[in-house]
Amino acid sequence: MNTPVKSPPAKPVRSSAVDRKLQMREVVEGLSSDGYLSAEDTNHLLNDQKYRRGDMHPLVLIADARFRNAKNGKALDIETLTEWLAGFVGLPYFHIDPLKIDMRAVTEVMSADYAQRRLILPVEFKGKDAVIATSEPFVTAWEKDLADMLRLNIRRVIANPVDISRYIGEFYNLARSVKRAEETGVDVGGGVNNFEQLVELGKSGRQLDANDHHIVHLVDWLWQYAFDQRASDIHVEPRRDVGIMRFRIDGVLHEVYQMPATVLVAMTSRIKILARMDVVEKRRPQDGRIKTRMPDGQEIELRISSMPTAHGEKLVMRIFDPEVLTKDFSELGFSKEEHEIWQKLIYSPGGILLVTGPTGSGKTTTLYSTLKQLATPEVNVCSIEDPIEMIEPKFNQMQVVHDIGLGFAEGVRALMRQDPDIIMVGEIRDLETAEMAVQAALTGHLVFSTLHTNDAPTSVTRLLDLGVPSYLVGATVLGVMAQRLVRTLCPHCKEKVPFHRDEDINLWNSTIAPFKAPPPEHVYKPVGCLECRNTGYKGRVGIYEILVMDRSIKKFITDKTDLQDLTREAYKSKMRPLRVSGAMKVAQGVTTMEEVLKVAPLG
């Protein structure tokens, strides 16, 4: 575990001969003497009867009162108060980040009752040291007992009392559910060791019941935990002896828990039941979807995909937040100029508009946001998708079903008889689908679709490679937009730094080539704070490259079109490459050059 611990200040620990709990008066007086509380707030806290409750930690009472820090005017929240307390008593401050804590190891150190009685939580193990979080610095009798029991050196750290209580409950409830679920069933052999065994999975040995209340609790915990951590995808992955759970947060995968193999099989079955998938079929990939709710009651949709692997079935759940459809284009990352170009294109009377980029680059969000804007009561918007990503009441959505011969081409053919104004084709993968999209555009329909290419000009050559005649590409394609997602800097901790070294200038010039623009005087760098879980980044935003098929571009489209020539002509037509769009966001303090060059590398 890598959770950082802040080094303790030089102050000595204020100790007492007898264990005692932290008192409100000493906390208030300490905050006042250190300049955190005004005289008025100090008197209020010391004299008001409601702040003398003995059943609540003093820091919680003060944080709930929402006093302002007399030093900087910011709110005295629980983390600020906890960090102050750590310095006040001379112990290290520790923020509990569940993503960085080995929950299995933590819950094996001591019982839930022991942790709850003493309000302590193991958070880290380093060699012969065990780091134990507490919010009561003057309660120390447990320290020697625990050191003797574990035969480890105990290092006490100060953590948020709310987090300690919360995670004692969550970690131990999770461990209890896993243990009881495992005890309920009989191991079927420690997982699946080869693909042949996968076929036989479930034919021998009694597995856990997918509807067992412990399994139900584990699946609910998994979803709520993912929502709480802002995950976009949940990976449930079988290994030889254990199951791995990983979350993708802001584009980066994090391992969050290891589950016994038999429990994972039951969880997988539970999820498949809820997604209306074939629970018995484990040999072929399947798709499904589930609607559930976040803790605040907001409805969330999950798209489920299963895949057979050497050790069992792997599930990936993509989390779709309905709020993405209500975001405007500036929130998605469009600059004013990019927004104006895109708006002009999407209100064209007919033609093809392509959105391109790799999986996970935000194409679906852009298309749905665009179609929702266009889907007025006077317009018939129809789509053929594989699979339907999000259900939107304003569209007429059709699902590709290969088993009955309903592919993209057949879907477009059917939609053409449905009196559509706008058609969205999930992806152009072959010549037949491309030809149907071209025919729809030629007959006066506006067609949206996606391609998997690295940039906008390559989409034109991809259509030519598929076999679409060059004159039809020129006649029907209105524009192509390539996009990527970059992580955005955390607004709470990003730090302004000068941008004037020779290497900075050279990197800037290389990034925006073949265009020219003066480098910014300052940019921002990631720092890391509690809001962004010490990553320095929070959320993602799009960078875009829009190729408008004007007359000069159309002249270059022949059966022998050279990609480099087409790209040079696109630059002359003022198409800004992805790197330039990213560099503008660096100059605005939205992201960093490292993030831009990750998704749009030089050369």
Side-chain angles (χ1 to χ4, degrees), residues 2-4 95 97-100 225-235 246-256 316-321 323-324 327-335 338 355-366 369 454-455 481-497 499 504 507-508 510-512 519-520 522-545 576-602:
N2 304 315
T3 310
H95 173 68
D97 183 349
L99 283 177
K100 296 178 180 177
Y225 190 30
F227 301 153
D228 187 49
Q229 300 298 323
R230 298 185 297 106
S232 61
D233 299 86
I234 305 170
H235 291 238
R246 297 195 289 173
F247 293 166
R248 189 176 294 279
I249 302 170
D250 294 337
V252 180
L253 275 172
H254 302 264
E255 185 176 317
V256 296
V316 173
M317 291 168 270
R318 175 154 289 185
I319 301 171
F320 289 107
D321 183 351
E323 286 193 358
V324 300
K327 289 184 178 179
D328 60 35
F329 288 98
S330 62
E331 288 179 296
L332 295 178
F334 282 73
S335 67
E338 290 162 348
V355 180
T356 182
T359 300
S361 59
K363 301 187 298 297
T364 300
T365 300
T366 299
S369 299
N454 289 329
D455 54 35
M481 180 167 70
Q483 67 177 82
R484 299 289 190 280
L485 292 177
V486 293
R487 289 190 295 172
T488 53
L489 286 162
C490 174
H492 301 278
C493 65
K494 64 181 183 180
E495 185 179 309
K496 197 174 188 179
V497 293
F499 192 76
D504 294 335
L507 181 60
W508 174 266
S510 300
T511 302
I512 66 168
H522 296 88
V523 295
Y524 289 82
K525 72 173 185 178
V527 176
C529 66
L530 299 182
E531 291 289 334
C532 61
R533 298 184 178 87
N534 290 310
T535 63
Y537 296 95
K538 189 176 183 181
R540 291 191 292 175
V541 74
I543 58 174
Y544 303 92
E545 169 182 289
R576 298 194 313 181
L578 286 164
R579 286 180 283 102
V580 173
S581 176
M584 295 303 105
K585 286 183 169 55
V586 173
Q588 294 162 10
V590 175
T591 188
T592 62
M593 199 66 82
E594 291 77 14
E595 280 295 304
V596 172
L597 295 179
K598 264 187 203 175
V599 298
L602 295 173

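Under a 3.5 Å cut-off, the side chain of K585 and the backbone N or O of G333 do form a donor-acceptor pair. Side chain of T591 to backbone of T488: no donor-acceptor contact under 3.5 angstrom is found. Judged purely by atom type and a 3.5 angstrom limit, K363 uses its side chain to pair as donor or acceptor with the backbone of G357. Of the possible polar contacts, one joining the Q483 side chain to the G362 backbone as a donor-acceptor pair under 3.5 Å is found. A donor-acceptor pair under 3.5 Å is formed between the side chain of S581 and the backbone N or O of Y544. In this structure, Y225 contributes its side chain and V256 its backbone to no donor-acceptor pair below 3.5 Å. Proximity of a side-chain donor or acceptor of S232 to a complementary backbone N or O of R248 within less than 3.5 Å is detected.
Among all heavy-atom pairs drawn from C529 and H492, the shortest one is SG-CB, 4.0 Å. Residues G251 and R540 share a closest heavy-atom pair of CA-NH1, 3.5 Å. Between E331 and V541, the shortest heavy-atom contact is O-CG2, 4.1 Å. Across Y524 and G589, no two heavy atoms sit closer than the pair CD1-CA, 3.5 Å. Across all their heavy atoms, G536 and C532 have their closest contact at N-SG, 3.2 Å. Counting all heavy atoms, side chain and backbone alike, L578 lies closest to A600 at CB-CB, 4.1 Å.
Proximity of R484 to P358: side-chain heavy atoms (C-beta onward) are separated by under 4.5 Å at one or more points. Between S335 and M584 the shortest side-chain heavy-atom distance does not fall below 4.5 Å. Here the side chains of E338 and M481 are not in contact, with every heavy-atom distance at 4.5 Å or above. For the pair L602/L507, a side-chain contact is recorded, criterion being any heavy-atom separation below 4.5 Å from C-beta on. Under the 4.5 Å side-chain criterion, counting only non-hydrogen atoms from C-beta, V596 is in contact with V586. When side chains are defined from C-beta on, L332 counts as touching S369, because their heavy atoms get closer than 4.5 Å. Considering only heavy atoms from C-beta on, F247 stays 4.5 Å or farther from I319 through its side chain. Residues H522 and F499 have side chains not in contact (no heavy-atom distance under 4.5 Å, counting atoms from C-beta outward).
For the atom pair NE2 (H95) and CG (N534), the distance works out to 7.0 Å, reported to the nearest 0.5 Å. Taken from CZ in R579 to CE in M593, the straight-line distance is 10.5 Å, to the nearest 0.5 Å. Rounding to the nearest 0.5 Å gives a distance of 9.0 Å between CG of L530 and CG of D97. Interatomic distance, NE2 of H254 versus CD1 of I249, reported as 4.5 Å (0.5 Å rounding). Going from atom NZ of K494 over to atom CG of L489 covers 6.0 Å, rounded to the nearest 0.5 Å.
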side-chain contact (heavy atoms from CB on, under 4.5 Å) between R487 and K598: does it pass, once the steps are laid out?
-> CA-CA 10 Å; R487 289 190 295 172; K598 264 187 203 175; 3.5 Å; yes
Stepwise side-chain contact (heavy atoms from CB on, under 4.5 Å) check, R533 with R230 = CA-CA 11 Å; R533 298 184 178 87; R230 298 185 297 106; 3.6 Å; yes
Can T535 and D250 be said to form a side-chain contact (heavy atoms from CB on, under 4.5 Å), step by step?
-> CA-CA 10 Å; T535 63; D250 294 337; 5.6 Å; no
Dump the intermediate steps for side-chain contact (heavy atoms from CB on, under 4.5 Å) on V599 and L485, then the final yes or no.
-> CA-CA 8 Å; V599 298; L485 292 177; over 6 Å; no
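Side chains of E595 and T592: no donor on one and acceptor on the other come within 3.5 Å.
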